[in-house]
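Given the structure is predicted, the values throughout are model-derived calculations rather than measurements.
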Amino acid sequence: MTRDYDTMRTVLAIVAANDGPTSYGDFISVRDEAALKRELARLEADGLIESTIEFQDGSGICLGGEISGLTPEGREFFRLIENDRVWALVSRTLDSAGIDVSYPLLKEVSEEIVKRYVIGFIPDM
């Protein structure tokens, strides 16, 4: 199953915006529940969120738990992609590539796009 990058970013944004723990119910704005569950699992596995949320095998019912927050790596990555213009460039790049990329590569791509985006604003001397 391919990564849903917009859901991934939405999850990171919701967790980053909360001052305290985030519960499963805080993701009510995410319409695709299957994508939400996949991205929660991936973000935890990639070390971007600290989560104790558990789902029942088979039915996928949330058994409880919470996300205590973004990890330092998660905060650093979200800072890269929180700007809407930068995210549009990252998202367009990923869509054009048409492949599911691992988190380390996703971070590298995002860093390169941010770098190029900022360099584009350097005035000619």
Side-chain angles (χ1 to χ4, degrees):
M1 198 52 75
T2 61
R3 177 156 240 161
D4 184 324
Y5 297 106
D6 287 325
T7 298
M8 175 204 68
R9 182 175 180 250
T10 298
V11 168
L12 292 172
I14 290 170
V15 174
N18 283 348
D19 289 330
T22 304
S23 69
Y24 187 68
D26 293 329
F27 299 106
I28 192 77
S29 64
V30 178
R31 299 282 184 222
D32 186 342
E33 192 170 3
L36 173 61
K37 290 174 184 177
R38 280 193 313 274
E39 291 309 316
L40 286 171
R42 282 185 168 186
L43 290 168
E44 181 182 13
D46 290 340
L48 302 179
I49 61 173
E50 295 176 359
S51 176
T52 60
I53 293 177
E54 294 183 67
F55 298 96
Q56 185 175 20
D57 290 339
S59 70
I61 294 172
C62 182
L63 299 173
E66 64 186 19
I67 298 171
S68 57
L70 298 177
T71 63
E73 180 74 16
R75 282 190 294 279
E76 180 183 338
F77 178 61
F78 183 64
R79 277 194 298 272
L80 284 172
I81 63 169
E82 69 181 321
N83 178 283
D84 290 337
R85 289 185 187 138
V86 169
W87 177 247
L89 293 170
V90 171
S91 184
R92 194 171 335 127
T93 301
L94 295 169
D95 287 345
S96 294
I99 59 171
D100 186 24
V101 299
S102 65
Y103 168 69
L105 180 56
L106 176 59
K107 182 179 178 189
E108 283 183 48
V109 168
S110 299
E111 288 172 335
E112 184 65 26
I113 289 171
V114 169
K115 179 180 168 185
R116 290 182 187 190
Y117 181 75
V118 172
I119 286 175
F121 289 98
I122 297 174
D124 292 331
M125 299 280 213

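- Asp26 and Pro21 get closest at one heavy-atom pair: OD2-O, 4.2 Å.
- Under a 3.5 Å cut-off, the side chain of Arg3 and the backbone N or O of Asp100 do not form any donor-acceptor pair.
- Taking CD1 from Ile61 and OH from Tyr24, the interatomic distance works out to 10.5 Å, rounded to the nearest 0.5 Å.
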Should Met8 and Leu106 be marked as a side chain to side chain contact (heavy atoms under 4.5 Å, CB included) after you check the CA-CA gap, both sets of side-chain angles, and the distance that decides it? CA-CA 12 Å; Met8 175 204 68; Leu106 176 59; 3.6 Å; yes
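- In terms of modelled atom types and a separation under 3.5 Å, the side chain of Asp32 and the main chain of Ala34 share a donor-acceptor contact.
- Side-chain contact check for Ile49 versus Leu12: some heavy-atom pair is nearer than 4.5 Å.
- In this structure, CD in Glu44 is found 8.5 Å from CD1 in Ile67, a value given to the nearest 0.5 Å.
- Nearest heavy atoms, Thr7 versus Glu39: CG2-CG, 3.9 Å.
- Across every non-hydrogen atom of Arg9 and Asp84, the tightest pair is NH2-OD1, 2.9 Å.
- Looking only at distances, no side-chain donor or acceptor of Ser23 sits under 3.5 Å from a matching main-chain atom of Glu66.
- Summarising the geometry of Ile113 relative to Val86, their closest heavy-atom pair is CG2-O, 4.4 Å, with the distance given to 0.1 Å.
- Counting heavy atoms from C-beta on, the side chains of Phe27 and Leu40 come closer than 4.5 Å.
- Taking the side chain as every heavy atom from C-beta outward, Ile81 and Tyr5 never approach each other to under 4.5 Å.
- Around the CG atom of Asp95, the shell of radius 6.0 Å holds more than 12 heavy atoms that belong to other residues, nucleotides or ligands.
- The CZ atom of Arg92 lies 12.5 Å from the CH2 atom of Trp87; values are rounded to the nearest 0.5 Å.
- Taken to the nearest 0.5 Å, the SG atom of Cys62 stands 9.0 Å off from the CD atom of Glu33.
- Here the shortest heavy-atom pairing between Ser91 and Asp6 reads OG-OD1, 4.1 Å.
- The number of heavy atoms from other shown groups lying within 6.0 Å of CD (Glu82) is above 12.
- Taken from CD1 in Ile53 to OG in Ser68, the straight-line distance is 10.0 Å, to the nearest 0.5 Å.
- With hydrophobic clusters built from ILVMFWY side chains whose heavy atoms lie under 4.5 angstrom apart, Ile119 does not share a cluster with Met125.
- A chain of hydrophobic side-chain contacts below 4.5 Å, direct or via other Ile, Leu, Val, Met, Phe, Trp or Tyr residues, connects Ile99 to Val109.
- Using a 4.5 Å cut-off on side-chain heavy atoms (C-beta onward), Ser29 and Ile14 make contact.
- In terms of modelled atom types and a separation under 3.5 Å, the side chain of Asn83 and the main chain of Arg85 share a donor-acceptor contact.
- Minimum heavy-atom separation, Phe77 to Lys107: CE1-CA, 4.0 Å.
- A continuous path of Ile, Leu, Val, Met, Phe, Trp and Tyr side chains, each step under 4.5 Å between heavy atoms, connects Val118 with Phe78, placing both in one hydrophobic cluster.
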Checking Leu80 against Glu111 for the side chain to side chain contact (heavy atoms under 4.5 Å, CB included) test, could you report, in this order, the C-alpha distance in whole Å, the side-chain angles of both residues, the deciding distance, and whether it holds? CA-CA 7 Å; Leu80 284 172; Glu111 288 172 335; 3.5 Å; yes
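- Between the side chain of Thr71 and the main chain of Gly47, a donor-acceptor pair closer than 3.5 Å is present.
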